[in-house]
Structure formats: C-alpha cells, structure tokens
**Student:** 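This is the structure, below, for whatever I ask next.
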Amino acid sequence: MKKSFFVAFALVFAFFGCASTSSNVERISSSTQTDLSGYWNDTDVRIVAENLINQCVNARAIAAFSYGKNREPVVILGTFKNQSDEHIDTSILSKKFEIALINSGKVDFVASSSERGEVRNERNEQQTFASEATAKSLANETGADFMLIGSVKTIVDSSTKQRTRTYYVTAELIDIETNRKLWAGEDSSIKKLITNNSYRY
C-alpha cells in the first residue's frame with residue numbers, strides 16, 4: 001500500500017514538474033543583440049569578424065602579392081585556437097573569414113587540412129570508377145601561398161557583484177614558403193560588464 005502511494009505521488013510530482021517548465025519561444029531577427037549570460041555569442045562573432053576581415057582584405061601584403069605575381073594569392077585556412085576560459089566554437093569565426101575573403105575577389109582559397117581528405121578520397125576513387133575522360137588527375141592540387149591562423153583569448157576581472165570579460169581576437173597571414181608574417185590584425189572591441197543583481201550586502 002505504501003509503495004503504491006509513493007509511486008502515485010512520484011508520478012503526480014513529475015507531471016506537474018514538467019508542466020511548470022514549459023518554454024515560450026519567440027523568433028527574432030538574427031541581427032538582434034542578445035546578451036543573456038555575458039559569454040561569447042553571435043553578436044560578438046559578427047562584430048569581430050567585420051572588423052578583422054576589413055583589415056585583412058585591405059592588407060598591403062595582399063595587394064603587393066597580387067601586383068608582383070599578377071594573380072591573387074592562394075590562402076589555406078589554418079587553426080583558430082580557443083585560448084579563452086570558456087567554450088568557443090572558433091570554426092564559426094574562421095569560416096566567416098574564409099567566406100568574406102573569397103567573396104572579396106582579392107584571394108583564392110584551397111581546402112583546409114580537415115576538408116581535403118574527403119576530396120582526395122573522391123579523386124582516388126575516380127581513378128578506378130570514373131571514365132578516363134572525366135576522372136580528375138592526381139598530383140595536380142593548387143599549393144597555397146599564405147596560411148590564415150588566429151586565436152581568441154579572454155581577460156576576466158571580477159568582484160563579488162560585478163565582473164568584466166574582455167575578448168582579444170587575433171588573425172595572421174603567414175607566408176608558407178618563408179614563415180614570414182605578412183599581416184596581423186587584432187580586435188579587442190568586445191568588453192562586457194556583468195552585474196549580479198541578485199547579490200545582497
């Protein structure tokens with residue numbers, strides 16, 4: 001009897017517990033600034049990407065290469081490291097760089113190391129299964145001139161009631177043949193003050 005009572009009580013508790021946690025979802029514009037936690041978000045990605053991409057596209061090294069070689073430099077996407085104190089998907093930031101630079105018409109991109117394995121497998125399979133007229137030749141890849149790398153770092157300062165989070169995002173173009181850094185850009189425009197309103201003295 002007691003066991004049945006406790007089972008019934010648990011079911012009723014679970015039902016009302018679930019009912020009380022229902023959510024209301026509202027669709028908003030993707031450009032709307034939303035800062036709920038104080039951590040890195042889509043607005044920060046957009047601001048930083050716009051600032052650094054504008055610097056990179058107008059870098060003197062790109063113009064000098066195009067003038068000297070009479071062609072656009074070929075770039076490969078390297079690693080954008082997350083060196084902050086939180087989880088940040090830096091692939092979103094690096095992909096924005098890639099898309100913007102390609103669309104600028106000032107550089108060409110080749111597949112990154114994480115992408116080209118699949119392409120190479122396809123090309124190898126074509127040697128066996130595709131017709132001779134359509135199979136793509138081996139050892140004919142385009143070598144990159146520059147590698148684009150970057151990182152995201154944070155500085156956190158806090159007290160009992162408030163804390164600030166400042167993000168430092170860097171990006172660099174490196175000459176693959178000589179290891180020379182041809183361009184470096186930094187953005188530190190993202191600084192947030194988070195106040196804990198629930199704190200009581």
Side-chain angles (χ1 to χ4, degrees), residues 30-31 39-154 167-187 190:
S30 60
S31 61
Y39 289 103
W40 181 263
N41 58 35
D42 62 315
T43 302
D44 303 327
V45 172
R46 184 168 63 250
I47 293 172
V48 168
E50 288 175 355
N51 291 343
L52 282 176
I53 287 168
N54 184 59
Q55 294 179 40
C56 189
V57 167
N58 294 299
R60 186 172 59 180
I62 292 179
F65 183 98
S66 299
Y67 179 81
K69 301 287 188 179
N70 197 29
R71 65 173 177 84
E72 290 76 27
V74 178
V75 180
I76 187 169
L77 189 62
T79 303
F80 268 66
K81 296 179 180 179
N82 175 22
Q83 298 177 320
S84 71
D85 66 330
E86 62 183 271
H87 171 72
I88 294 178
D89 186 354
T90 55
S91 66
I92 298 173
L93 183 60
S94 60
K95 184 56 71 171
K96 281 185 173 291
F97 261 92
E98 183 177 3
I99 292 171
L101 288 173
I102 290 173
N103 291 340
S104 73
K106 294 186 177 182
V107 303
D108 289 330
F109 260 86
V110 292
S112 67
S113 58
S114 62
E115 298 168 329
R116 61 185 176 225
E118 188 174 356
V119 178
R120 285 173 178 170
N121 288 337
E122 168 61 21
R123 191 160 52 241
N124 286 328
E125 289 196 358
Q126 286 187 11
Q127 309 310 308
T128 303
F129 300 107
S131 67
E132 186 176 348
T134 61
K136 303 305 177 285
S137 61
L138 299 175
N140 199 31
E141 297 182 9
T142 299
D145 302 299
F146 303 155
M147 177 177 283
L148 178 66
I149 64 171
S151 66
V152 181
K153 301 178 182 179
T154 50
Y167 294 86
Y168 290 88
V169 184
T170 59
E172 299 172 321
L173 274 180
I174 299 176
D175 187 308
I176 292 177
E177 186 171 24
T178 65
N179 283 341
R180 289 175 57 220
K181 292 186 177 182
L182 303 175
W183 168 81
E186 179 187 70
D187 186 278
I190 306 300

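When reading the values below, keep in mind they use all heavy atoms of this one structure, side chains included, and skip hydrogens, waters and symmetry mates. Nothing here was measured: the structure is a model prediction, and the numbers come from that model.
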**Student:** Check whether any side-chain heavy atom of H87 lies under 4.5 Å from a side-chain heavy atom of W40, and answer yes or no.
**Tutor:**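 Result no, sub-4.5 Å side-chain heavy-atom pair not found.
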**Student:** At their closest point, which heavy atom of E186 faces which heavy atom of Y168, and how far apart are they?
**Tutor:** OE2-CD2, 4.0 Å
**Student:** Short question: side chain of D44, backbone of N41 - any donor-acceptor pair under 3.5 Å?
**Tutor:**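 Such a contact is found between D44 side chain and N41 backbone.
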**Student:** Is it true that a side-chain atom of N58 and a backbone atom of N54 form a donor plus acceptor pair closer than 3.5 Å?
**Tutor:**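 The answer is yes, because a donor-acceptor pair under 3.5 Å joins these two groups.
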**Student:** Which heavy-atom pair separates T134 from A130 by the least distance, and what is that distance?
**Tutor:** OG1-CB, 4.0 Å
**Student:** Can you tell me how far apart CG (L77) and OG (S114) are? Round to the nearest 0.5 Å.
**Tutor:** 7.5 Å
**Student:** Any ion pair linking R120 and E141 (charged N to carboxylate O, less than 4.0 Å)?
**Tutor:**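 Here E141 pairs with R120 in a salt bridge, since their nearest N and O are under 4.0 Å apart.
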**Student:** Using modelled atom types and a 3.5 Å cut-off, is there a donor and acceptor pairing between side-chain atoms of Q126 and backbone atoms of K136?
**Tutor:** yes
**Student:** What closest approach, in Å, do A171 and W183 show between heavy atoms, and which atom pair accounts for it?
**Tutor:**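 Distance-wise, the nearest heavy atoms are O-CZ3, 3.5 Å.
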**Student:** About how many Å separate CG of N82 and NZ of K153, when rounded to the nearest 0.5 Å?
**Tutor:**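 Reported to 0.5 Å precision, the distance equals 11.5 Å.
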**Student:** Which heavy-atom pair separates K106 from I62 by the least distance, and what is that distance?
**Tutor:**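 Between these two residues, the closest heavy atoms are O-CG2, 3.7 Å.
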**Student:** Side chains of R123 and L138, heavy atoms from C-beta outward: is any pair under 4.5 Å?
**Tutor:** yes
**Student:** To check you understand the geometry: which heavy-atom pair defines the closest contact between I88 and V152, and what is its length?
**Tutor:** CD1-CG1, 3.8 Å
**Student:** Check E115 against A111 and note the closest heavy-atom contact, atom names and distance.
**Tutor:** OE1-CA, 3.5 Å
**Student:** Look at the side chain of T154 and the backbone N and O of D85, then say whether any donor-acceptor pair between them is shorter than 3.5 Å.
**Tutor:**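 Yes; at least one donor-acceptor contact below 3.5 Å.
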**Student:** What's the separation between atom CZ in R46 and atom CG in N51, rounded to the nearest 0.5 Å?
**Tutor:** 11.5 Å
**Student:** Please say which of L52, V169, I190 ends up in a side-chain contact (heavy atoms from CB on, under 4.5 Å) with I47.
**Tutor:** I190
**Student:** Which class fits the ring pair F97 and F80: parallel under 30°, tilted 30 to 60°, perpendicular over 60°?
**Tutor:** tilted
**Student:** Less than 4.5 Å apart, side chain to side chain, heavy atoms only: is that true for D145 and F65?
**Tutor:** yes
**Student:** Working to the nearest 0.5 angstrom, can you tell me the gap between I76 CD1 and L148 CG?
**Tutor:**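 These two atoms lie 10.5 Å from each other.
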**Student:** How long is the gap from OG1 on T170 to CD on Q83, to the nearest 0.5 Å?
**Tutor:**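 The OG1 atom of T170 sits 7.5 Å away from the CD atom of Q83.
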**Student:** If we ignore hydrogens and angles and just use 3.5 Å, is the side chain of N121 paired with the main-chain N or O of N124 as donor and acceptor?
**Tutor:**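 Such a contact is absent between N121 side chain and N124 backbone.
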**Student:** In sequence, state the C-alpha distance, the side-chain angles, and the governing distance for T79 and I149, and then conclude on side chain to side chain contact (heavy atoms under 4.5 Å, CB included).
**Tutor:** CA-CA 5 Å; T79 303; I149 64 171; 5.6 Å; no
**Student:** Under 3.5 Å, is there a donor-acceptor pair between the side chain of S94 and the main chain of S91?
**Tutor:**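 Between the backbone of S91 and the side chain of S94 there is a qualifying donor-acceptor contact (under 3.5 Å).
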**Student:** Check this for me: does any side-chain nitrogen of one of E172 and K81 sit under 4.0 Å from a carboxylate oxygen of the other?
**Tutor:** no
**Student:** Take atom CZ in R71; do more than 12 heavy atoms of anything else shown fall under 6.0 Å from it?
**Tutor:**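 Yes.
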**Student:** Measuring from Y167:OH to Y39:OH, what's the distance to the nearest 0.5 Å?
**Tutor:** 8.0 Å
